[in-house]
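This is a predicted model, so every value here is computed, not measured. All chains are named by letter (A, B, ...) in the order of the sequence lines, taking the proteins before the strands, and each is independently numbered beginning at 1. All heavy atoms count here, side chains included; hydrogens, waters and symmetry mates do not.
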Amino acid sequence: MTSLAQTSDELQDLYRELILDHARSPRHFGKLPDATHTAEGINPLCGDKLKMYFRIDGDDRISDARFEGSGCAISVASASLLTDMVIGLHTDEALKYFSALVTRLAGVQPTDNDNAGDDINLGKLRALEGVREFPSRVKCATLAWHALNSAIQRKSQPATTE
Amino acid sequence: MTSLAQTSDELQDLYRELILDHARSPRHFGKLPDATHTAEGINPLCGDKLKMYFRIDGDDRISDARFEGSGCAISVASASLLTDMVIGLHTDEALKYFSALVTRLAGVQPTDNDNAGDDINLGKLRALEGVREFPSRVKCATLAWHALNSAIQRKSQPATTE
Amino acid sequence: MSHIRLTDAEDNIVDIANCRADFPALTQNVNGHPLVYLDSAASSQQPAIVIDTIAEYQRHDHANVHRGVHTLSHRATEAYEGARDRIRAFVNAASRREVVYTSGTTESINLVAQSFCRPTLKRGDKILITHLEHHSNIVPWQLVCEQTGAELLVAAIDQRGQVELDTLIAQLDENVKMLAMAHVSNALGTVLPVPDIIREARSRGIPVLLDGAQAVPHMPVDVQSLDCDFYAFSGHKMFGPTGMGILYGKEAHLEKMPPYQGGGDMILEVRFDGTTYNDLPYKFEAGTPNISGAVGLGAAVDYLQSLGMDRIAEYESELLAYLTGQLQTVDGIRLIGTAKQKASVQSFLLDDIHPHDLGTILDRQGVAVRTGHHCAMPVMDFYGIAGTARASLALYNNRQDVDALVDSLGRAKEIFSR
Amino acid sequence: MSHIRLTDAEDNIVDIANCRADFPALTQNVNGHPLVYLDSAASSQQPAIVIDTIAEYQRHDHANVHRGVHTLSHRATEAYEGARDRIRAFVNAASRREVVYTSGTTESINLVAQSFCRPTLKRGDKILITHLEHHSNIVPWQLVCEQTGAELLVAAIDQRGQVELDTLIAQLDENVKMLAMAHVSNALGTVLPVPDIIREARSRGIPVLLDGAQAVPHMPVDVQSLDCDFYAFSGHKMFGPTGMGILYGKEAHLEKMPPYQGGGDMILEVRFDGTTYNDLPYKFEAGTPNISGAVGLGAAVDYLQSLGMDRIAEYESELLAYLTGQLQTVDGIRLIGTAKQKASVQSFLLDDIHPHDLGTILDRQGVAVRTGHHCAMPVMDFYGIAGTARASLALYNNRQDVDALVDSLGRAKEIFSR
Ligand SMILES: Cc1ncc(COP(=O)(O)O)c(C=O)c1O
Ligand SMILES: Cc1ncc(COP(=O)(O)O)c(C=O)c1O
C-alpha cells in the first residue's frame, strides 16, 4: 500500500517542472514547410495526435524539426523535447535516442553494464523517467519518438503506440 | 443418488415393450398418395426426420394417416402410435391429444382436477410417459405430434421441437 | 447477495447503496486508496452472484448445448435457454424467438446492417444516425454504405448535446431505410426522446434500431412499448460478462433476414446443394455460442430484477444530480453534455489539463474515470476538443464516490498549478 | 494444478492421467454413477485454473481494455494482450499481429469467407472443401458462393473416412480461390495429410484455411511449419471458455483485407466522411472484446504448455488405440471412421439401436457421448446413416473411462434385446 505522500511524490516526479514547462510552451511547434520527412503519431488510448516534420539533408543529418497536434502533457512535452534534441543529429544518432528511451521507459534492464552510459546519453529526456511508475503512460512518452522512427524509415502508415 | 436398480427401472420404463414393438414394426409406415395434409418434423438434436401424411375429409375427419422417415425408437414409436390413434378422429380431437400429451410429458401439472381424465384419454399414449424422467427425450416423443399440429394448421415450415 | 429488500421509498436509497457489497472488485484498494469506480459506462463490475454462477456452471454443468442427449448437455441447454427466457422478460420482448444472442452491441448492430439492410440497400437510399453515436453505431453503417452505395446522413445535435428533434424529423424522408440511434449517449449521457422519434419514423414506415448499451443498465426498457424494430445491448455494461450481447428484433423482420454467419446450430439441414436454416432465434446463432456468457447474463438480469429497474433509475438519477452539482462547485470545470434528460454519465474538462493527465492523477488517488474520446470522435469534433474526462455511475456508486472524485480534482489543480 | 511433473517417458501416462483431478466437473456423479465424459470434441471441461483465473480476473482486474488510463483498465489490457502473446507462442505464429480474437472457429471462418474471399470472388471462381467438414466449414462458403456466384467444390472421401488425396489434388486448378479443410475431422477423427495438401496448394498459389478446432487440443500445432494461410480454432474445445476463438492469418493477407465488423477499437479515427482503421490485429476486433474469455484461454494455454502437447498427443494416441480395440470386442458394433491417421474421436453404431437411444442409455450409466450428425450431415449422408454415437477423448480420460463405455454398451444391448 502506497502512502499519500508517496502518491504525491510519484505524480510530482511524472509532472516534473521541465515537463510542465515543455507542455505549456512547446518548442518548435508548427508546420515545417520544407520538411523532407513527416509522420503522424496517433495514440488511440487518449486521442493524442501529433504530426512530426523533419528536414533531413543529403548527409542524413536532421537540420530542422517541428511538430503540430494535440495531446496530453507527457506526449506534447516529449515531442517538444524531441525536436530540441534531434536538430543537428545524424538520423542514426536520433534513432539511438529512440531505442534508448523506449528501453529505459518500458522498464527493460539492459543486459550489460551500459546502464549508466544510457542514462547519460538520455540527457534532458531523463525528465520523462517519471512515467516508469505509470505503465499506461509510457505510450504517451514515446509517441513522438515512434513517429520519428516512422519518418526516418519512411513508413506510410501513421505510427501508433499499440 | 439413484441406485443401479432405479437406473434400470427408468430405462425399462422408457423402453417399454409397446414402444420397442412400435419402433421395430411401425404401423402405417409409408407414403399416403392421396394425402390432403402433410408436414415434416425435424429434431435437430438427433437428426430425427419424419414426414407425416394425413387425409382429412370435408368434415375435418382424419380418414387416413401414414408416416415416413427415420428416427430414434421413441420418435418412431410415437409416430406409429399417433397414426394408430388419430385415424377416424375429428381434427379437434386429434389436437386435444396433442395438447394433452405435450402437457403430460413436459411435466406440467394441470391446474384443475382433470388429471385422471387426461390420463384415461391418453390411452395407449401412456406408454410414452417414461420419457418424463428423460427431459432431453421429450422432444422425440412429441415430434410427430408437433408435425400433426403443423399439418392441421397448414404451416409451411417444417415443425421442429426447438 | 448481501442487500436487504426494504419497501418504502425513503429506504430505496439505503437499499440500493447496500448493493455495493455485492461487488467484490469494489472492495479493493488501488494505488493505496479505496477504489472509486466511475467507469461503468465503459464496462461495469460484476456482482459475486454472476461470477459464482459462471464458475459453478463450469464446475458442474458445462457441455455443448442443443445437440446433446447426455445430462450435462441437457443441463447446459436448460441454463442457456433459461437465460434467454429471463432476458426476454427483462426487456419485455413478445417472444423468445426475438432474442438473439450476439457477442455484444457491436455485433448486434453489424448483424442488422449486414443482414437487414445490405441485401436491399442501393444507391440513393439513406441511413440516418445522429451526431452523438458511439463508433459502433457509426462504422457498421459506413461499411454497408460503402458496400451498397447508400448514403449516411447525420442528425445534428445542439450545444447541450441534445439531438435537434425538428431537424431529425425533417430528415426522415422516403429514402431513409434505417434510423439508428442511441437510447442513451455514452459520451454525453443524453437520453434521447426515442418514443417521439420512433412515432415519427413509424408513421413514415422507417425501421428504427436503438443502441441501448447505455440504457439497459440504468432504466426499465420495454421494447414493445418503445415499438422499435431492433434493440441492441451488451452484457458487460449491465453487470454481466464480456463477449455477450443481445439483439432484439421484431420477429417479422428476423424471419425475412438471411443468416449473418454460417455454421453449426443455425441450420436444420446441410447438403452441398443447399442448406435449410434453423428457426428463430437460432438462424442467427452460428457455432457454439457463449454459453457461460449467457448463463452469466441471466444471473445479472435476475440480480437487476431483484432490485427493480425503477428503483435503480430513481437512485441513479438522484446521484447524477449530486454529481453534476458537486462538479459545478469546482473552479475551472467545464461540463460537456448538459441535456435536460440525462442518465448516469457526466463528461467534463478541468482548466487546460488534458483529460489524460487528469485521468492519471485521479487514478493515483484510487478514482477510476475514463478519459479520451469515448469512441465518439464526432462528438469531440463537435465540441472542438480532443476528449473529456468522464465519470459514469452505476447502482453501486454513492455520494462518497462523488466526493472522492471532487477531492481528487483539487489535487490535480494543485499539481498543474505549480 | 494437482498433477506432478515426472520426467521419464514411462511416467508420461501416469502424469497426464493425473490431470483428471484438475477438472472439477469430472469429479461428480451423474445419474448415480461417476461421470465418464467422452464428449470433449463437442466441448471440453475446464481445469480449475481456468475457472479460477476468470473469477479472479472479474474480482480484481476487470475494466474495459485499450482506452483506459486507470489501473484496472491497464491491468485488464495487460491480461488480455498477455494472453494473446501466449496464444501466439502456443501455435507459433510469427507475430502477435497475426492472432485475431474471435468468438470461435465459426466466426473465424466466416471472417475469412467475408473479408478475404467475398471482395474478389466472382462467377467462375471456386472454393474447395472436403466431404468431411463440420457445418462451420461448409455453410460460410455456401453463403459467400451464393453472394458472389462462385461455386463450391467438394473433395471426396473414401469408406475409411480419408480424403482422396489424388482426387483433391486434381481439383486444385487455377479457378480455386480457397481450399478450406479440417485439420482433424470432428465426426470421424481423421487427421488430414495437411502438409502434403498445403504443399500442392502452395505450388499453385491457392490459399489454404485449416479448421483446427479438433487439432489444437490434441497435438502440437505450428502454423509456420504448416505454412497455412489461415488457421481457425475455438477456446471451448481446448479447455478454455466458450465465446472465444482465434483466427490466425498471415500478416500479408490480414493487412489487405477490409474489416469484418465496424465499431469501437477497430478504428484509429472516425469521421463521418471517412474512417481510418486500426492496426492489426485490432482492425478485426470491433467492439468490446471477450476479455474474460481471452484471459481464460490464456490460462488454458499455460495449462497445456505445462503438460506439453507432445506428451498429450502421445498419451491420447495410446488411449485412442485402446478405445478402438475395446469397441471392436463388442458384438454388433460398427466403427465409423477408420482412417490410418486418427486423433481423439471414435464414432460407432451398435446393432440397429438408434444412436440417440444409445446415448440415453449410456447417460443413465454416467457415460456422456454425443449422438447424432455431429454437425457433419454430409458425412452421415456419405455413409447413408442418420447419425452415430461418438466417444471423444481428451487428456483427462483414461482406460477406466473406456471400460465404463464398453460395459454400458452391454447394458444397451440387454435393454434392446428384450
Ligand atoms: C472440426 C470443427 N470445426 C468447427 C467447429 C465449430 O466450432 P465452434 O462451434 O466452436 O465455432 C467444430 C466444433 O463444433 C469442429 O469440431
Ligand atoms: C452507446 C454505446 N453503443 C455501443 C457500444 C459498444 O458496445 P460493445 O463494445 O459492448 O459492443 C457502447 C460501449 O462501448 C456504447 O456505450
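- Proximity to chain C is absent for every atom of Val144(D), based on heavy atoms less than 4.5 angstrom apart.
- One side chain, Asn31(C) or Thr71(D), offers a donor N or O that lies under 3.5 Å from an acceptor on the other.
- Under the 4.5 Å side-chain criterion, counting only non-hydrogen atoms from C-beta, Asn290(D) is in contact with Asn290(C).
- Atom-to-atom distance recorded for Ile51(C):CD1 and Ile51(D):CD1 is 14.0 Å, nearest 0.5 angstrom.
- For Val369(D), the part lying near chain C is the backbone, with the side chain staying farther off; criterion is any non-hydrogen pair under 4.5 Å.
- Between His236(D) and Asn64(C) the shortest side-chain heavy-atom distance falls below 4.5 Å.
- Contacts between Met266(D) and chain C at a heavy-atom distance below 4.5 Å involve the side chain alone, from C-beta outward.
- If you tally non-hydrogen atom pairs under 4.5 Å between each of Cys375(D), Gly366(D), Pro355(D) and chain C, the highest count goes to Cys375(D).
- Looking only at heavy-atom pairs under 4.5 Å with chain C, the residue among Met244(D), Gln114(D), His131(D) that has the most is His131(D).
- Between Val270(D) and Val139(C), some side-chain heavy-atom pair lies under the 4.5 Å cut-off.
- The candidate from Gln142(C), Lys237(C), His74(C) with the greatest count of non-hydrogen atom pairs under 4.5 Å with chain D is Gln142(C).
- In this structure, the side chain of Thr242(C) engages the main chain of Ser292(D) through a donor-acceptor pair within 3.5 Å.
- Both the backbone and the side chain of Ile291(C) have a heavy atom closer than 4.5 Å to some heavy atom of chain D.
- Residue pairs meeting the salt bridge (Lys or Arg N to Asp or Glu O under 4.0 Å) criterion with at least one member in residues 28-42 of chain D, sequence neighbours excluded, are Asp39(D)-Arg370(D), Asp39(D)-Arg390(D).
- Ile129(D) touches chain C through its side chain: at least one heavy atom from C-beta onward sits under 4.5 Å away, while N, CA, C and O do not.
- Between Gly262(C) and Pro140(D) the shortest heavy-atom distance is O-CG, 3.4 Å.
- Checking side-chain atoms of Thr106(D) against main-chain N and O of Gly263(C) turns up no donor-acceptor pair under 3.5 Å.
- Between Pro378(C) and Arg271(D), the closest side-chain pair of non-hydrogen atoms is not below 4.5 Å.
- For the pair Phe272(D) and Ile138(C), the minimum side-chain heavy-atom distance is below 4.5 Å.
- A distance-only check finds a donor-acceptor pair linking the side chain of Gln28(D) to the backbone of His60(C) [under 3.5 Å].
- Heavy atoms closer than 4.5 Å to chain D are found in the backbone of Val65(C), but not in its side chain.
- Interface check for chain C: of the options Ala286(D), Gly104(D), Ser103(D), the most heavy-atom pairs under 4.5 Å are formed by Ala286(D).
- Contact annotation for Pro289(D): only backbone heavy atoms (N, CA, C, O) come within less than 4.5 Å of a heavy atom of chain C.
- Tyr37(D) touches chain C through its side chain: at least one heavy atom from C-beta onward sits under 4.5 Å away, while N, CA, C and O do not.
- At a 4.5 Å heavy-atom cutoff, the contact between Leu35(D) and chain C is made by side-chain atoms alone.
- Comparing His134(D), Glu269(D), His374(D) by how many heavy-atom pairs each has under 4.5 Å with chain C, the most go to Glu269(D).
- The minimum heavy-atom distance linking His62(C) with Ser44(D) is given by the pair CD2-O, 3.3 Å.
- Smallest separation of non-hydrogen atoms from Ser136(C) and Gly264(D): OG-N, 3.1 Å.
- At a threshold of 4.5 Å between non-hydrogen side-chain atoms, the residues Tyr260(C) and Asn110(D) do not count as touching.
- With chain D as partner, the option from Pro24(C), Gly274(C), Ser40(C), Ala63(C) having the largest number of non-hydrogen pairs under 4.5 angstrom is Pro24(C).
- Between Met377(C) atom CE and Ile267(D) atom CD1 the span is 4.5 Å, to the nearest 0.5 Å.
- Under the ring-ring contact (aromatic ring centres under 6.0 Å, His included) criterion, Phe284(C) pairs with no residue, sequence neighbours left out.
- Using a 4.5 Å heavy-atom cutoff, the side chains of Val30(D) and Leu72(C) are in contact.
- Contacts with chain C were tallied for Thr360(D), Leu152(D), Val154(D); Val154(D) has the most, counting heavy-atom pairs under 4.5 Å.
- Contacts of Gln58(D) with chain C are made by both backbone and side-chain atoms, with heavy-atom separations under 4.5 Å.
- For a residue to count as touching a neighbouring chain, one of its non-hydrogen atoms must lie under 4.5 Å from one of that chain's; by this rule Gln147(D) does not touch chain C.
- Only the side chain of Leu143(D) comes within contact range of chain C, judged by heavy atoms closer than 4.5 Å.
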Check the pair Arg59(D) / Gln45(C) against side-chain contact (heavy atoms from CB on, under 4.5 Å), numbers first and verdict last. CA-CA 8 Å; Arg59(D) 277 176 207 281; Gln45(C) 298 299 336; over 6 Å; no
